[in-house]
Amino acid sequence: MKQTRRKFIKSGIVLSSGIALSNSTAASILSTKAKDQKSSFPIAISTWSHGVPATKAAYDYLSNGKNILDAIETGIHTAESNPEIMSVGYGGFPDAEGNVTLDASIMDKNGNAGSVAYLKNIKHPISVARLVMEKTDHVMLVGEGAKQFALSHGFKEENLLSDAAKADWLRWKHEQEIDSSENHDTIGLLAIDKDGNISGGVSTSGAAYKLPGRVGDSPIIGAALYVDNEIGAACATGLGELVMESVSSFLVVEKMREGYSPTEACEIAIQRIYKRIENKENKNQVGLIAINKNGEYGGFSLSKGFDFGIANSSENRLLKTDHL
Ligand code: GLY
């Protein structure tokens with residue numbers, strides 16, 4: 001995780017897009033340029049190993065010609081419903097008081113956005129976020145208002161604290177110990193449909209044992225998720241505070257607009273985060289993935305161990321990213 005091990009070169013580089021890069025940025029980009037992959041449409045990519053079943057579900061929808069937002073929702077539901085994924089939906093880690101509170105966001109090809117934050121007892125926050133986008137004049141609903149909105153649209157109240165998550169929480173209350181690198185495994189899913197249109201969504205239970213009231217990056221448009229159908233899309237997972245402070249997904253899309261590839265853009269955004277971190281030895285994780293209008297995709301992370309799933313007509317697998 002040390003920038004010092006990077007090789008810097010003496011002269012700046014001009015990309016084919018005509019953009020002049022600073023020496024340090026150009027050097028680090030050279031190290032990852034080969035990592036981008038390209039896919040035909042449709043395609044779905046999604047954070048972490050739970051991104052493999054999520055992208056499979058999304059791709060199956062897309063390949064059947066179904067609506068891309070249905071595909072995003074369906075893919076993310078696979079994680080929200082799975083109690084073994086303790087960072088998303090049902091079975092997610094609760095806050096310090098034992099309450100599971102969920103954040104989610106969604107963006108469509110027209111740049112419309114919807115999100116929910118601090119939502120309790122509703123299993124599929126991504127679906128509520130979509131309804132906020134489609135049925136209201138607002139972008140974000142939070143807390144009790146978000147829950148009442150969900151209930152008014154037929155969602156059922158459910159207990160989201162699984163037995164396993166409750167046992168872990170009780171243990172934490174006693175021991176007060178947690179591995180901070182392992183508890184922000186937000187699912188973010190980006191997709192391109194057969195017509196080349198892009199959408200994305202993000203869902204999480206947030207940081208384990210967080211201070212009650214804490215909301216992370218996932219419902220913040222531009223932080224954990226950004227879609228610009230002319231350029232591409234990006235999403236984030238990991239320590240939300242770092243992502244929010246750098247508006248990482250928006251930055252990735254803007255870097256792709258400047259001509260950088262998805263992997264390059266993600267690396268630049270991770271470097272931006274790293275620059276701001278005071279304690280460089282801290283093992284916090286942030287992972288970014290991105291896809292551009294041509295179907296090129298990639299990712300990059302702050303620390304070792306980040307991977308993402310991809311599904312298209314020829315494969316459904318997990319890919320590791322490079323990290324600082
Ligand atoms: N990235 C999820 C969170 O920090 O809440």
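Atoms within each ligand, like the ligands themselves, are counted from 1 in listed order.
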(Q) For Phe41, give me all partners under side chain to side chain contact (heavy atoms under 4.5 Å, CB included), at least two apart in sequence or on another chain. (A) Ile43, Ile192
As an exercise, identify every atom of ligand 1 less than 4.0 angstrom from a heavy atom of [X].
X: Asp217; result: 1 (N), 2 (C), 3 (C), 4 (O), 5 (O)
X: Gly238; result: 1 (N), 2 (C), 3 (C), 4 (O)
X: Gly216; result: 5 (O)

**Q.** Side chains of Thr263 and Asp36, donor plus acceptor under 3.5 Å
**A.**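 Note: Thr263 and Asp36 side chains meet the donor-acceptor criterion.
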Q.
Any nitrogen or oxygen of Leu239, side chain or backbone, less than 3.5 Å from one on ligand 1?
A.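 Checking ligand 1 against Leu239, no N or O pair falls under 3.5 Å apart.
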**Q.** Distance-only N or O hit between ligand 1 and Thr186, under 3.5 Å
**A.** yes
Q) In chain order, what residues pass the salt bridge (Lys or Arg N to Asp or Glu O under 4.0 Å) check against Lys123, with sequence neighbours excluded? A) Glu158
Q) Which bit of Arg214 is near ligand 1, meaning a heavy atom under 4.0 Å away: side chain, backbone, both or neither? A)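 Answer for Arg214: side chain.
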Q. Does atom CG of Asp163 have more than 12 heavy-atom neighbours, drawn from other residues, nucleotides or ligands, at distances under 6.0 Å?
A.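 No, the 6.0 Å shell around CG holds no more than 12 heavy atoms from other groups.
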Q | Derivation and outcome, side-chain hydrogen bond (donor to acceptor under 3.5 Å, both in side chains), residues Asp103 and Ser218 | A | CA-CA 6 Å; Asp103 301 335; Ser218 300; 5.4 Å; no
